[in-house]
Amino acid sequence: MAGSIKSVRGTRDLLPPETETWNFVEATVRDVFRVYHFQEIRTPILEDLQLFQRSVGEETDIVSKEMFAWEDRARAQSEKGQWLALRPENTAGVVRAYIEHKLWERPGLQRFYYIGPQFRRERPQKGRYRQFYQIGAEVVGPSAAGSESPAVDAELLEMLATLLDRLGIQGWSLKLNSVGCANDRPIYLQALRDALKDVVHTMCSDCQRRAVTNPLRVLDCKVPEDQPIIEKLPRMADYLDESCRTHFAEVRKILTAMDVPFTIDHRLVRGLDYYTRTAFEFTHGALGAQNAILGGGRYDGLSESLGGPPAPGIGFAIGEDRLVMTLQESAGVADRPADVYIAPLGAGMNLHAAKLARELRKQGVVVIAGDESFKLKKSLETASKLGVSFALILGENEVNSGQYALKNLSTGEQAGVGKAEIAGIVKPLSAIPKRSEGSL
RNA sequence: GUGGGUAUAGUUCAGUGGCAGAACGCCAGACUGUGGCUCUGGAUGUCGUGGGUUCGACCCCCACUACCCACCCCA
């Protein structure tokens, strides 16, 4: 259609049956998080631009080139407009809410999760969209509540392993590193710069640029020729101070005790400024270049940089689009058909079909009704194309006798049944347990 | 922001400088209340947009746009 309006670049419509998979993922997430006592938080999509400048970091790519931001109209002529941004991630918003509502006054640690859209103005490609969805969780609170404990890190990671297993995702791997803290990282960075000084001219052009802008990212380089050089660069692990080192050791110890498999990746770095200490990434092959399905880490100084009290925390974000993608690699998506198709036959029958449908739906039966103008043949044909297992023929005979012609569309058997029996025959057994909505 | 590829029916894709195609899907029909299989018929397109070459362009040339893939970055 020339001239018609289309979805904007990097955004997309999620249609059935794919939305079934999304619902399955979200239902499983809520179910798993619940037993860890994580509760849902919903923060605005629109935030003050400064929130991200001060948390994610003004020099990061996310803030410096990928944000949707604009100056909002001033409220009064005497005032300036306010700079707003569509959130590029959700941790900053959660911590902002933590500070704004003085949530440290609540007892214990705050454990939140969120599910929602995020926005980054990047060039779209496989597994990367301008509007994408993240499922994330955060544990924040005062140190006295235990927010700095390595047990929190381990619990969060174990929860993620459980979630991926429950979703039926196979072949994931967990990469773990410690990126240090405000204490030891400057020392490491200096050591890294010093080491790079002599060798950087032999590296790829990207690395030469990164050595200046963000030396940590050099560790991330994938150019084969650079690998031997990178292997010889100093490692963060050797520069961790006493407290960071024991913290990291304790995280690993608990994970091992819980049988959560992981590998240490000395070169794992994160692209947001606020990360400290534990940093991690879950990856999955068969995702193309965007193989990270989730990432996260500690952010012990974030609250302070947003004007709040000390509130160490740790969190992660799952790329829901990517998660759904890996799920669809293994299991194909299928429409979930209705339980029964009512075929009203002849003038005046729509009314009877509506009444019957209402009664059946009250009993939890999934009903689709045809129209009295359809020929029976067309109704049955439509019903089988929709994959419905039963068709219920509703004509004058049925209304008069109270015996409804119920046809099993897979066997072809047909019988007259009373109104009260319909739901029992038509409803699949799997529909009976209440909590099993959304199985694949 | 950079590079490569692609753009034709609802979908997946053929196609040729001279009438626009297939498969699947969709709609209708094959004796009036019985589907799936089969058969018959039908509709659907500014051939991405704009320019140029040509007697004539869906096809050749140029520009633009969008999508896909990769770099970058990240989830």
Side-chain angles (χ1 to χ4, degrees), chain A residues 1-4 6-12 15 56 59-67 87-91 115-136 160 204-207 209-210 213-214 217 220-223 268-272 275 280-284 287-297 315-326 341 343-346 349 370 372 374-398 405-414:
Chain A
M1 283 292 164
S4 65
K6 291 192 284 199
S7 64
V8 321
R9 184 169 166 81
T11 71
R12 59 191 181 139
L15 306 173
V56 176
E59 299 308 315
T60 60
D61 283 1
I62 292 176
V63 170
S64 65
K65 359 189 249 221
E66 298 171 2
M67 216 152 36
R87 63 185 186 195
E89 59 99 54
N90 216 333
T91 301
I115 299 175
Q118 318 292 338
F119 303 83
R120 290 180 201 174
R121 201 182 177 289
E122 296 179 89
R123 190 126 166 205
Q125 68 185 72
K126 187 184 175 93
R128 193 170 81 182
Y129 307 96
R130 289 184 169 194
Q131 173 173 338
F132 61 104
Y133 294 81
Q134 284 189 336
I135 298 168
L160 282 166
C204 70
S205 57
D206 281 329
C207 278
R209 177 177 51 77
R210 285 186 280 232
T213 59
N214 190 350
R217 289 239 80 90
D220 225 12
C221 179
K222 284 149 204 126
V223 176
L268 176 69
V269 294
R270 315 244 72 232
L272 287 71
Y275 282 115
F280 55 89
E281 217 171 81
F282 283 72
T283 56
H284 191 278
L287 255 182
Q290 318 300 324
N291 67 344
I293 52 178
L294 78 91
F316 62 81
I318 304 173
E320 192 174 2
D321 308 74
R322 294 177 187 178
L323 191 65
V324 168
M325 215 178 281
T326 64
Y341 183 101
L345 208 57
M349 287 300 139
E372 62 186 27
F374 296 168
K375 289 183 181 170
L376 180 57
K377 191 178 177 136
K378 171 172 167 173
S379 286
L380 293 176
E381 197 178 312
T382 303
S384 26
K385 276 181 194 159
L386 291 174
V388 182
S389 338
F390 291 92
L392 189 145
I393 301 163
L394 184 56
E396 227 163 299
N397 299 345
E398 285 74 16
L406 187 61
K407 179 163 186 151
N408 183 324
L409 290 170
S410 42
T411 65
E413 288 167 44
Q414 181 173 331

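The sequence lines fix the lettering, A, B, ..., with proteins before strands; numbering per chain opens at 1.
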Nucleotide paired to A22(B) in any strand shown, Watson-Crick or G-U, under 3.5 Å: U12(B)

Gap in Å between the two C1' atoms, one belonging to U49(B) and one to A7(B), rounded: 11 Å

- prompt: How close do E372(A) and M349(A) get, heavy atom to heavy atom, and via which atoms?
  reply: OE1-N, 2.9 Å

- prompt: Taking the nucleotide of RNA chain B with the closest heavy atom to each, which residue, E66(A) or K377(A), is nearer the 5' end?
  reply: K377(A)

field: Rounded distance in Å between the P positions of U40(B) and G52(B)
entry: 47 Å

field: Syn/anti label of C62(B) as read from its glycosidic torsion, with the cut at 90° from 0
entry: anti

- request: Pick base, sugar-phosphate or nothing for A317(A), based on heavy-atom distances below 4.0 Å to the nucleic acid.
  value: sugar-phosphate

message: By nearest heavy atom, map V8(A) and L272(A) onto RNA chain B; which one lands nearer the 5' end?
response: V8(A)

- request: Could you walk me through whether R210(A) and D220(A) pass the salt bridge (Lys or Arg N to Asp or Glu O under 4.0 Å) test, one step at a time?
  value: CA-CA 10 Å; R210(A) 285 186 280 232; D220(A) 225 12; over 6 Å; no

Any donor-acceptor N/O pair under 3.5 Å between C72(B) base and R128(A) side chain: yes

statement: Under a 3.5 Å limit on both distances, the Watson-Crick or wobble mate of G56(B) is none

query: Which part of the nucleic acid, if any, lies within reach of I293(A) when heavy atoms closer than 4.0 Å are counted: base, sugar-phosphate only, or nothing?
result: sugar-phosphate

query: Which whole number of Å gives the distance between the P atom of A70(B) and that of C26(B)?
result: 34 Å

- prompt: How would you label the contact of L376(A) with the nucleic acid (heavy atoms, under 4.0 Å): base, sugar-phosphate, or nothing?
  reply: base

base_contact_polar (U34(B) base, E381(A) side chain, donor-acceptor, <3.5 Å): no

task: With the side chain of R123(A) defined as its heavy atoms from C-beta on, choose the nearest nucleotide among G1(B), G33(B), A28(B).
output: G1(B)

statement: Mate of C39(B) across any strand shown (Watson-Crick or G-U wobble, both atom pairs under 3.5 Å) is G29(B)

task: Considering just the side-chain nitrogens and oxygens of K385(A), establish if one lies under 4.0 Å of OP1 or OP2 belonging to C27(B).
output: yes

message: Just N and O in the side chain of R270(A): are any of them under 4.0 Å from OP1 or OP2 of A75(B)?
response: yes

query: Using a cut-off of 4.0 Å on non-hydrogen atoms, how would the nucleic acid contact of G127(A) be classed: base, sugar-phosphate, or nothing?
result: base

message: Please report the distance, rounded to the nearest Å, between CZ in R12(A) and C1' in C68(B).
response: 13 Å

message: Side-chain N or O of R9(A) versus OP1/OP2 of C67(B): is the shortest distance under 4.0 Å?
response: yes

message: If we ignore hydrogens and angles and just use 3.5 Å, is the side chain of E320(A) paired with the main-chain N or O of Y133(A) as donor and acceptor?
response: no

task: When you get a sec, tell me which of C74(B), C72(B), U34(B) is the closest nucleotide to the side chain of R209(A)?
output: C72(B)

field: Base-pairing assignment for C73(B) (Watson-Crick or G-U wobble, both under 3.5 Å)
entry: none

message: So for R322(A) and C74(B), does any side-chain atom that can act as donor or acceptor lie under 3.5 Å from a complementary atom in the base?
response: yes

field: Side chain of R210(A) (C-beta onward), nearest among C72(B), A75(B), A70(B)
entry: C72(B)

- prompt: Does any donor-acceptor pair link the side chain of R121(A) with the base of G1(B) at a separation under 3.5 Å?
  reply: no

statement: Smallest heavy-atom separation, F280(A) atom then L268(A) atom, equals CA-CD2, 3.6 Å

query: Going by modelled atom types, is there a donor-acceptor pair between the base of U34(B) and the side chain of K407(A) at under 3.5 Å?
result: yes

Sidechain-backbone polar pair: R120(A) side chain, I62(A) backbone, donor-acceptor under 3.5 Å: no

task: State, with a plain yes or no, whether a side-chain heavy atom of D206(A) is found less than 4.5 Å away from one of R209(A).
output: yes

field: Sugar-phosphate, base or nothing in reach of K65(A), heavy atoms under 4.0 Å
entry: nothing

Heavy-atom side-chain proximity of L160(A) to I318(A) below 4.5 angstrom: yes

message: Work out how far the P atom of A43(B) is from that of A23(B), and round it to whole angstrom.
response: 15 Å

- request: Establish, with yes or no, whether the OP1 or OP2 oxygen of G29(B) is under 4.0 angstrom from a side-chain nitrogen or oxygen of K375(A).
  value: yes

message: Taking only side-chain N and O atoms of Q125(A), does any of them lie within less than 4.0 angstrom of OP1 or OP2 on C68(B)?
response: no

- request: Please give the nucleotide sitting opposite C67(B) as a Watson-Crick or G-U wobble pair, both distances under 3.5 Å, or none.
  value: G5(B)

- prompt: For atom P, what is the distance between U6(B) and C62(B), given to the nearest Å?
  reply: 14 Å

- request: Go through the N and O atoms of the side chain of R120(A) and the base of A75(B), and report whether any donor-acceptor pair is under 3.5 Å.
  value: yes

P-based separation of U2(B) from G51(B) [nearest Å]: 27 Å

message: Using a 3.5 Å distance criterion without hydrogens, assess whether the side chain of R130(A) forms a donor-acceptor pair with backbone atoms of P124(A).
response: no

query: Looking only at atom P, what distance separates C61(B) and U54(B), rounded to whole Å?
result: 16 Å

query: On a whole-Å scale, what distance lies between the P atoms belonging to C13(B) and G17(B)?
result: 23 Å

- prompt: Ignoring hydrogens and angles, does a donor from either the side chain of E398(A) or the base of G33(B) sit under 3.5 Å from an acceptor on the other?
  reply: yes

